[in-house]
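Here's the structure, in structure tokens; my notes come after.
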Amino acid sequence: MNKILFFVITILFLIGCNSKNDLSNSNIKKVDYILCDSISSQMYSEQEGYKPNEGLVPTPEVAFKIAKTILIEIYGEETIESEMPFLITLENGIWLLQGNYKKEGITFGGEAYIEIRKSNGEILKVVHTE
């Protein structure tokens with residue numbers, strides 16, 4: 001019964017999104033996402049979420065991709081690119097990522113810093129020092 005209900009809700013959801021965004025026109029450019037106000041967390045409230053043993057952010061590579069996306073959105077691509085390569089460590093289940101400030105004679109200051117929980121990807125802190 002739950003599977004049938006979930007199927008019906010999913011179909012209604014897709015119809016709701018497509019009725020506001022006519023994707024049948026071949027002249028429309030491919031998009032990566034569609035804003036859709038018919039999505040509801042209640043649709044998935046009874047579903048057990050995926051929880052891998054190694055966490056949702058299992059490697060420094062994944063942590064860096066997340067961090068870079070967020071930091072560029074906040075501070076701009078030029079700023080974050082200038083701080084490459086980032087320093088990354090895992091401390092008590094939290095990925096710590098820090099930009100690498102490259103001004104002669106200064107070893108600290110002027111870098112981005114972000115903390116990401118390994119288990120669920122929660123962003124705990126975002127800072128940019130001066």
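Every value quoted in this text rests on a predicted model; they were computed, and no experiment measured them.
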Can you find a heavy atom in the side chain of Leu71 that is under 4.5 Å from one in the side chain of Val126? yes
With no hydrogens and no angle check, is any side-chain donor or acceptor of Thr89 less than 3.5 Å from a backbone partner on Leu96? no
Could you name each residue pair satisfying salt bridge (charged side-chain N to carboxylate O under 4.0 Å, His left out) that touches residues 115-127, not counting sequence neighbours? Arg117-Glu122
All N/O donor-acceptor pairs, side-chain side in residues 78-87, below 3.5 Å, sequence neighbours left out:
from	atom 1	to	atom 2	distance (Å)
Thr79	OG1	Tyr75	O	3.3
Glu81	OE2	Lys68	NZ	3.1
Ser82	OG	Thr79	O	2.6
Glu83	OE1	Ala112	N	2.7
Glu83	OE2	His128	NE2	2.6

Are side-chain heavy atoms of Thr129 and Val127 found at a separation under 4.5 Å? yes
First locate atom CG of Leu90, then atom CG of Leu97, and finally report the distance between them rounded to the nearest 0.5 Å. 10.0 Å
Donor-acceptor list for residues 49-64 side chains, cut-off 3.5 Å, not counting sequence neighbours:
from	atom 1	to	atom 2	distance (Å)
Thr59	OG1	Glu61	OE1	3.3
Thr59	OG1	Val62	N	3.2

Interatomic distance, CD1@Ile116 vs CG@Leu124, rounded to 0.5 Å, equals 8.5 Å
Is there a chain of hydrophobic side chains (I, L, V, M, F, W, Y, each step under 4.5 Å between heavy atoms) that links Tyr113 to Ile88? no
